[in-house]
Amino acid sequence: MTYLSSGDACRDMATVLASRLFIRSDVKESHLPIFLDWVKLKISDEKATRWERLGAMSSIAAIFKAARREDAQKFVEEIFECLKLSKCKSDSLRLTRKYYMKIVQRAGLTLLKVRIAAWRYDRGTRSLEQNLLSTEPHKIETKYVQIAEEDDDEIPPLLEDIIQELIEGLKDTDIIVRYSAAKGVGRITGRLSKTYGNEVVNAVLSMLSPEENDNAWHGGCLALAELGRRGLLLSENLPLVVPAVIKALVYDEPKGYTSVGSHIRDAACYVCWSFARAFSTNDIQPYVEEIAGALLAVACYDRELTCRRAASAAFQENVGRQGKFPHGIDIVTAADYFSVGMRNNAYLEVSIFIAQYKEYDKLLIKHLLEKKIVHWDTSIRELAAMALGRLVKLKPSTAKESIFPELLLLTETSNINKRHGGVMAIGEVLSGISETLDPNVELGEELLEKIINLVLNLKNHGKLKGISSELVKMACCHLIKLISTSNIIVKDKQIIDEWRLLLEDCLSNEMLDLRNKAAQAICPLFEKYYTPDSSDTGTIINTYVQKLSSNHMMERIGYSLALGSLPSSFMNNYIVLILKGLIDCTKITRLTIKWAESRKDAVIAITKIWSKLIYIPSYVDNCIKHSNAVLHCLLDCALEYTMDHRGDVGVWVREAAINSLEVVVLDLTDIQPNILDENTMKQIMCALVRQGVDRIDKIRGLSCMVLTKLLHKKKNIVPNIAHRNELEIMFRKKDSFNWFTESDSFSVMVKFLSMPEYKYPVLVGLLVCIGGVSESLVKEACHNFSQHMKSIANDEFENLCNDIIAVWGGKVAEVDADERIHQCILMSIERLATAGAFKDQFERNESEFAANILTLVKKEAVSSKGGSSKLTSCVELLCHIVQVPGQVGIRSMTQLSIFLAHRFAWLRKVVAARLVEVLIVYSDRFGVSDENINKVVELLEEFDWQDSSVEKVRTERNKICGLLNVPIPKVIVKTNNLH
């Protein structure tokens with residue numbers, strides 16, 4: 001009993017031992033009643049812990065399962081009454097409710113004789129192998145063996161209450177409780193007479209009604225499946241069971257931003273799976289078309305992966321065991337476990353294959369129209385519209401007769417989901433028809449007029465305003481695009497202008513998907529209904545370009561997308577105007593400094609324009625003429641490091657620029673390589689290698705991959721790349737090499753430091769990485785940089801040290817060093833010094849490198865920007881310079897003593913702690929006795945350097961300077977001249 005009340009695995013083993021012990025013939029008479037009294041006490045005691053109650057319930061369930069029926073029968077009633085009074089059925093712990101169902105069902109089984117119901121449906125052989133090997137399958141007959149005496153068997157009165165408890169358990173909120181109750185219903189029904197069995201089946205079927213909640217539907221489906229697989233559903237029940245199961249297969253009730261019903265559909269598939277084993281071919285034949293269509297609709301179009309696979313498995317089981325499902329083998333091959341696993345594939349490929357069979361095409365179209373076009377999930381509605389468009393290709397005549405009228409009705413409803421789905425589907429169906437027939441002839445003037453006027457009607461009725469109107473606007477943009485691509489003749493110019501105005505309105509919307517939909521519709525609309533040489537077109541393009549200098553970021557983004565989406569003939573006619581506007585849009589101003597998204601989309605638009613025009617012979621000259629302007633724009637964008645509260649937002653612009661540089665350079669190499677002179681290629685390569693040591697993995701990997709493509713272009717080699725042979729070896733295409741990892745990329749990029757043309761961009765990038773905040777990035781960059789410095793010759797080492805000072809001091813024209821870079825270089829030099837990279841420099845007497853660092857540290861220390869991390873790095877670096885022999889070391893110590901009396905108390909504490917370490921490690925560098933060193937260490941450790949009295953702090957600091965023979969800093973008093 002002790003272990004039955006434990007909360008670990010001992011309880012399970014104690015349950016097994018209790019069930020074995022108390023059913024023994026020498027124990028059950030004397031000890032079982034006492035044990036059951038303890039069980040009832042723990043079950044009914046409200047103060048009992050959950051583990052005590054679970055132990056008691058699990059043990060009684062095991063005893064009912066293992067004991068002889070005659071021995072357990074006399075305890076059934078009292079145990080059942082105890083359970084009902086204890087309210088275990090409504091306990092918050094699901095295990096308690098599960099054990100309640102187990103005990104109840106086993107109590108019911110104890111009251112009934114152990115037998116197999118003679119009235120059950122006898123399918124004959126249940127072996128699939130025997131079915132397949134049988135030469136005369138038609139002789140496997142079903143039979144009902146009914147024994148009159150069974151209907152007259154006396155049923156204990158308690159059993160009715162037990163069955164009622166199990167039926168109520170089917171409505172429990174937890175799945176494992178419902179499943180346990182379903183198995184209990186199946187087991188007990190198998191021992192009942194036919195009359196009582198039919199009553200149970202009817203009780204279960206009554207749960208599959210609109211009045212019941214989703215828990216009841218799920219429990220009812222599980223119970224039907226359990227009854228079916230045990231042969232307890234008779235063919236006479238099928239007229240009631242099949243329609244209920246078909247409804248369960250499409251059960252989907254919206255609930256907030258999601259829905260409930262996936263578990264019900266899954267359970268309904270389980271019921272259909274059980275039909276394959278439960279009924280003969282002849283009995284199930286009248287319902288084959290209905291069941292097959294419903295299962296295939298779920299397998300192709302259900303939102304949930306588990307439901308699609310469950311329906312596929314149920315269909316496969318029925319095909320294998322029934323053999324009468326139309327085209328079953330072909331469909332099972334196409335709609336297998338893996339093919340229905342991908343939603344897009346199931347909607348757009350598998351369903352189209354199935355629809356080629358006339359038995360299923362109408363069922364699938366009907367399912368899409370009734371269930372999926374109006375689905376609560378936007379992505380499902382869009383997929384359903386696309387699938388409907390593809391299905392219409394197989395039978396275009398159905399569109400005019402039945403599909404379009406129903407879809408047009410959906411657009412008039414107040415439900416936003418139905419309206420969105422209806423508009424999307426109209427466009428896709430129209431597009432599907434246009435691929436096989438001419439819709440201008442096929443659909444008729446009246447229907448075409450309704451479709452053409454649909455967008456305008458929605459606008460006039462206020463359906464494009466208000467909450468969630470963006471969804472309908474997206475659908476309208478999609479419809480405009482598909483009307484244009486379907487070559488629909490539109491005679492009313494006002495409608496075309498209304499379409500364009502709607503697209504322009506959507507271009508500046510905050511919603512990204514809506515902007516993209518509008519941009520995608522721009523090209524087909526202009527290509528079909530506008531001409532490049534008209535005055536209206538010129539006015540429109542001018543307006544679009546002017547919007548690129550708007551004071552609203554979204555307008556810049558939207559109209560950049562629009563200009564990049566124009567047809568090539570329109571671009572060519574206005575190339576100068578468009579490119580100038582886009583290039584100006586990429587430039588950073590005081591107003592637009594935070595608008596990195598607009599600059600990114602402008603770069604993407606430039607790339608699209610280039611890609612559309614460069615391969616059209618009559619437009620190539622325009623591209624060549626403006627190639628230098630495009631390249632300079634992309635080079636500027638490739639070095640953008642704009643920061644805001646979101647972090648490094650310039651990364652979006654850099655990424656777009658790198659991709660664009662790849663496209664432009666490769667195209668120019670094939671068409672006009674003369675433009676890529678030495679100076680231009682040097683700038684391009686420097687920009688790419690600079691990004692090849694970027695802090696962000698994505699940019700670093702992308703740049704290295706672009707470099708690899710440029711170096712290994714097979715046809716028409718990219719000209720004027722300095723150190724090409726060395727770079728081709730460095731950037732070999734390796735299967736095991738990953739440019740996106742720090743270890744692989746830095747080990748290669750660090751070699752650029754030995755190439756004069758590329759060393760400054762790489763040096764700056766590496767120093768920024770070493771001074772970064774990401775641990776893995778700092779570790780790999782620092783390691784590879786240190787290893788490189790140790791591997792190079794002394795002269796090159798000296799030059800590299802001088803280059804670091806030159807970059808930090810802002811003396812390198814190729815590097816635009818701002819405050820961000822200065823702070824990173826400060827931190828990187830401190831980390832490199834800690835790693836021992838400058839050991840040789842710091843050991844030299846009066847090291848010039850150390851003196852330069854000291855000068856720059858002083859300059860950084862008085863800067864108002866940088867915060868605590870910058871000052872801490874200054875202190876750490878000064879502590880390294882203390883070891884330098886001569887005046888440099890003394891000056892460094894003097895600077896540290898200044899920091900020791902700094903106005904920031906936290907900094908004084910940091911300096912004191914670091915000075916203790918410095919004095920212990922470099923005590924021989926100060927030229928004073930050990931006694932003085934010990935006194936200084938004692939002062940540093942015992943004095944409160946965060947004391948609020950600055951005068952007191954300075955006094956203690958001066959004592960330390962005197963003991964170390966370091967010049968005492970003088971306080972400079974600032975005076976104001978009054979005139």
Side-chain angles (χ1 to χ4, degrees), residues 61 64-65 69 97-123 126 142 144-145 150 153 155-156 158-172 174-208 215-238 240-242 244-245 248 263-264 266-279 283 310 314 317 321:
F64 271 136
K65 183 177 182 179
R69 178 172 171 265
R97 303 198 303 275
K98 178 185 175 184
Y99 278 121
Y100 176 84
M101 290 299 156
K102 280 185 176 292
I103 296 171
V104 168
Q105 66 170 283
R106 287 174 185 173
L109 292 171
T110 303
L111 293 174
L112 295 168
K113 292 179 182 178
V114 179
R115 64 184 177 186
I116 297 174
W119 57 269
R120 73 181 182 135
Y121 191 98
D122 189 0
R123 172 82 188 273
R126 295 299 180 93
T142 62
Y144 305 101
V145 182
E150 284 202 0
D153 283 351
I155 300 297
L158 186 61
L159 191 63
E160 187 174 342
D161 293 337
I162 288 174
I163 293 174
Q164 184 60 36
E165 290 296 317
L166 291 174
I167 295 295
E168 290 181 9
L170 293 174
K171 303 177 183 180
D172 194 88
D174 203 280
I175 289 178
I176 64 168
V177 181
R178 295 197 294 268
Y179 192 36
S180 181
K183 288 188 287 186
V185 169
R187 288 165 182 160
I188 289 178
T189 307
R191 297 188 185 183
L192 294 174
S193 63
K194 182 180 179 182
T195 304
Y196 286 113
N198 278 334
E199 289 183 10
V200 173
V201 172
N202 290 332
V204 171
L205 281 173
S206 67
M207 300 173 65
L208 305 184
N215 295 330
W217 275 80
H218 182 248
C221 288
L222 290 176
L224 285 176
E226 291 296 323
L227 292 169
R229 61 189 289 266
R230 288 176 166 83
L232 303 174
L233 285 179
L234 304 180
S235 57
E236 63 197 52
N237 300 129
L238 284 176
L240 296 175
V241 172
V242 171
V245 173
H263 58 311
I264 296 169
D266 187 75
C269 293
Y270 179 30
V271 179
C272 294
W273 177 89
S274 72
F275 285 167
R277 295 166 172 257
F279 297 102
D283 286 334
E317 186 75 10
R321 293 190 180 273

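This chain uses plain numbering: 1 for the first residue, then up along the sequence.
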message = If you count heavy atoms of other groups shown closer than 6.0 angstrom to CD of Glu168, is the number above 12?
response =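 Result for CD/Glu168: enclosed.
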
query = With a cut-off of 6.0 Å (strictly less than), are more than 12 heavy atoms of other residues, nucleotides or ligands near NZ of Lys183?
reply =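 Yes, because the 6.0 Å sphere around NZ of Lys183 holds more than 12 heavy atoms from other groups.
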
query = So among Thr110, Ile167, Leu111, which one has a side-chain contact (heavy atoms from CB on, under 4.5 Å) with Ile162?
reply =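 Only match with Ile162 under side-chain contact (heavy atoms from CB on, under 4.5 Å): Leu111.
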
What are the two closest non-hydrogen atoms of [X] and [Y], and how far apart are they?
{"X": "Cys221", "Y": "Val271", "answer": "O-CG2, 3.0 Å"}
{"X": "Val204", "Y": "Gly220", "answer": "CG1-O, 3.5 Å"}
{"X": "Arg120", "Y": "Leu232", "answer": "CB-CD2, 4.0 Å"}
{"X": "Ile188", "Y": "Gln105", "answer": "CD1-O, 3.8 Å"}
{"X": "Phe275", "Y": "Val242", "answer": "CE1-CG2, 4.3 Å"}
{"X": "Leu170", "Y": "Ala223", "answer": "CD1-CB, 3.8 Å"}

ask   = Got a donor-acceptor contact below 3.5 angstrom from the Arg106 side chain to the Lys65 backbone?
value =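 Side chain of Arg106 to backbone of Lys65, a donor-acceptor pair under 3.5 Å: no, none is there.
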
task = Mark yes or no for whether Ser206, through its side chain, and Ala203, through its backbone, hold a donor-acceptor pair below 3.5 Å.
result =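 Confirmed, Ser206 side chain pairs with Ala203 backbone.
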
Within this structure, what is the [atom1]-[atom2] distance for the pair [X] and [Y], rounded to the nearest 0.5 Å?
{"X": "Phe64", "Y": "Lys102", "atom1": "CZ", "atom2": "NZ", "value": "14.0 Å"}
{"X": "Leu222", "Y": "Ile264", "atom1": "CG", "atom2": "CD1", "value": "10.0 Å"}
{"X": "Leu112", "Y": "Leu159", "atom1": "CG", "atom2": "CG", "value": "5.0 Å"}
{"X": "Ser274", "Y": "Glu317", "atom1": "OG", "atom2": "CD", "value": "10.0 Å"}
{"X": "His263", "Y": "Asn215", "atom1": "NE2", "atom2": "CG", "value": "6.0 Å"}
{"X": "Lys98", "Y": "Asp174", "atom1": "NZ", "atom2": "CG", "value": "10.0 Å"}

message = I want to check something: taking the side chain as every heavy atom from C-beta on, are Leu238 and Leu233 in contact at a cut-off of under 4.5 Å?
response =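 No - every pair of side-chain heavy atoms lies 4.5 Å or more apart.
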
message = Is it true that Tyr270 and Glu226 share a donor-acceptor pair across their side chains at a distance under 3.5 Å?
response =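 Yes, side-chain donor-acceptor contact under 3.5 Å.
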
ask   = Which is it for Lys171 and Met207 under the side-chain contact (heavy atoms from CB on, under 4.5 Å) test, yes or no, and what are the steps along the way?
value = CA-CA 9 Å; Lys171 303 177 183 180; Met207 300 173 65; 3.6 Å; yes

request  = Let me see the working for Ile163 and Leu192 under side-chain contact (heavy atoms from CB on, under 4.5 Å), right down to the final yes or no.
outcome  = CA-CA 11 Å; Ile163 293 174; Leu192 294 174; 4.0 Å; yes

Step-by-step side-chain contact (heavy atoms from CB on, under 4.5 Å) determination, Leu234 to Lys194 = CA-CA 10 Å; Leu234 304 180; Lys194 182 180 179 182; 3.6 Å; yes

key: side-chain contact (heavy atoms from CB on, under 4.5 Å) evaluation trace for Leu224 with Leu205   = CA-CA 8 Å; Leu224 285 176; Leu205 281 173; 4.1 Å; yes

